Amino acid sequence: MWVTQDLILNVFFQEKIIIGRELLVNLKGSIILAPTHRSRWDGLILTYALGRRITNMDCRFMVTNPEMRGIQGWFLKRLGCFSVNQESPSLQSLRYAVDLIVNNKLLVIFPEGRINKNSKNLPLKEGLFRLAQMGNRKVKSVHVIPIGIAYEQINPKFRSKVSLCIESPISLSDYSYSDIKEFNDQLGIKIKKAETKAKNLIN
């Protein structure tokens, strides 16, 4: 943590603005973080904003198989990432993700499925809702936290600003009889709202 948070983030970014943490203070149950995905910096920013130093929990990131290759994969694994095949996820990956939910770990799933630098309106993937449903069958409550992350430039530059906004949680119990589209529509609205707030903080 001291290398990534105290050294790298502090040196690279001039200012890091985080808002909305108070929405999680009295939240009980399992949590899935659902952030926008605009840069490879996102993982470090999320860990800085909501990781062990803030919540006493480590973030565990679900990423695609190609991202876990080579030196990058070695580094990501040590940051708490695990891989999943988006087209045909293995039972082992799914069980691991559900176990994280059941054991109240901070599971991070990027709903857009990949880095989307230009904030295009991509259809959200179905995996988050399916995993949340699986976890919700085993625990009393599962909350999905919409998060927007914004950078001053599309490709963050040295000594630039970054902001992160947390929106109000979505409880899976409110979507027990809903389909994926209804849930993803609501999640999409909230993460877009969070990202707009985050952008306004640095523009």
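Numbering of residues begins at 1 and proceeds along the displayed sequence. These numbers were taken from a predicted model, which means no experiment stands behind them.
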task: Only pairs at least two apart or in different chains count here, so list each salt bridge (Lys or Arg N to Asp or Glu O under 4.0 Å) that has a residue in residues 179-191.
output: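 Residue pairs with at least one partner in residues 179-191: Lys181-Asp185.
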Between [atom1] on residue [X] and [atom2] on residue [Y], distance to nearest 0.5 Å:
X      : Y      : atom1 : atom2 : result
Leu33  : Arg60  : CG    : CZ    : 12.5 Å
Glu126 : Leu131 : CD    : CG    : 12.0 Å
Met134 : Arg95  : CE    : CZ    : 9.0 Å
Asn200 : Glu195 : CG    : CD    : 10.5 Å
Phe82  : Gln92  : CZ    : CD    : 10.5 Å
Tyr96  : Ser90  : OH    : OG    : 12.5 Å

Taking only distance into account, with no hydrogens and no angle test, what donor-acceptor pairs under 3.5 Å do side-chain atoms of residues 104-113 form with protein atoms, sequence neighbours excluded?
| residue | atom | partner | partner atom | Å |
| --- | --- | --- | --- | --- |
| Asn104 | OD1 | Ser30 | OG | 2.9 |
| Glu112 | OE1 | His37 | N | 3.0 |
| Glu112 | OE1 | Arg38 | NH1 | 3.0 |
| Glu112 | OE2 | Arg38 | NH1 | 3.1 |
| Glu112 | OE2 | Arg38 | NH2 | 3.1 |
| Glu112 | OE2 | Asn116 | ND2 | 3.2 |

- request: Check ring-ring contact (aromatic ring centres under 6.0 Å, His included) between His143 and all other residues, then give those that pass, not counting sequence neighbours.
  value: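 ring-ring contact (aromatic ring centres under 6.0 Å, His included) list for His143, sorted by chain: empty.
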Any chain of hydrophobic side-chain contacts (each under 4.5 Å) joining [X] to [Y]?
X      : Y      : result
Leu50  : Leu9   : yes
Val102 : Ile145 : no
Ile17  : Phe158 : no
Ile191 : Leu24  : no
Ile115 : Ile149 : no

query: Could you walk me through whether Glu15 and Ser160 pass the side chain to side chain contact (heavy atoms under 4.5 Å, CB included) check?
result: CA-CA 7 Å; Glu15 187 175 3; Ser160 59; over 6 Å; no
message: Both conditions, 6.0 Å and 45 degrees, for the charged tip of Lys16 above the ring of Tyr48: are they met here?
response: yes
So, for [X] and [Y], which heavy atoms are closest and what is the spacing to 0.1 Å?
X      : Y      : result
Pro156 : Trp41  : CG-CD1, 3.9 Å
Ile147 : Leu164 : CG2-CG, 3.7 Å
Val144 : Ala132 : CG2-CB, 4.5 Å
Ile18  : Ala49  : CD1-CB, 3.7 Å
Phe129 : Ser178 : CZ-O, 3.9 Å
Ser163 : Ala198 : OG-O, 2.5 Å

In the structure I gave you, are the side-chain heavy atoms of [X] and [Y] within less than 4.5 Å of one another anywhere?
X      : Y      : answer
Arg159 : Phe13  : no
Tyr175 : Gln133 : no
Glu22  : Ile166 : no
Asn103 : Leu100 : no
Phe61  : Leu46  : yes
Lys125 : Leu128 : no
Gln153 : Asn155 : no
Leu187 : Ile170 : yes

query: Could you go step by step and tell me if Thr55 and Arg21 meet the side chain to side chain contact (heavy atoms under 4.5 Å, CB included) rule?
result: CA-CA 10 Å; Thr55 62; Arg21 282 186 183 132; over 6 Å; no
message: Between Ser176 and Ser173, is there a side-chain donor-acceptor contact under 3.5 Å, judged purely by atom types and distance?
response: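 Their side chains do not contain a donor-acceptor pair, so the 3.5 Å distance test is not met.
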Would you find more than 12 non-hydrogen atoms of other residues, nucleotides or ligands less than 6.0 Å from [X] atom [atom1]?
X      : atom1 : answer
Asn121 : CG    : no
Lys192 : NZ    : yes
Asn26  : CG    : no

message: Between Asp6 and Val3 (side chain of the first, backbone of the second, donor and acceptor by atom type, cut-off under 3.5 Å), is there such a pair?
response: no
message: Could you check whether Lys161 pairs with Glu152 (Lys NZ or Arg NE/NH1/NH2 to Asp/Glu carboxylate O, under 4.0 Å)?
response: no
message: Does Leu122 form a side chain to side chain contact (heavy atoms under 4.5 Å, CB included) with Arg114? I'd like the steps, not just the answer.
response: CA-CA 10 Å; Leu122 298 180; Arg114 60 181 175 84; 3.7 Å; yes
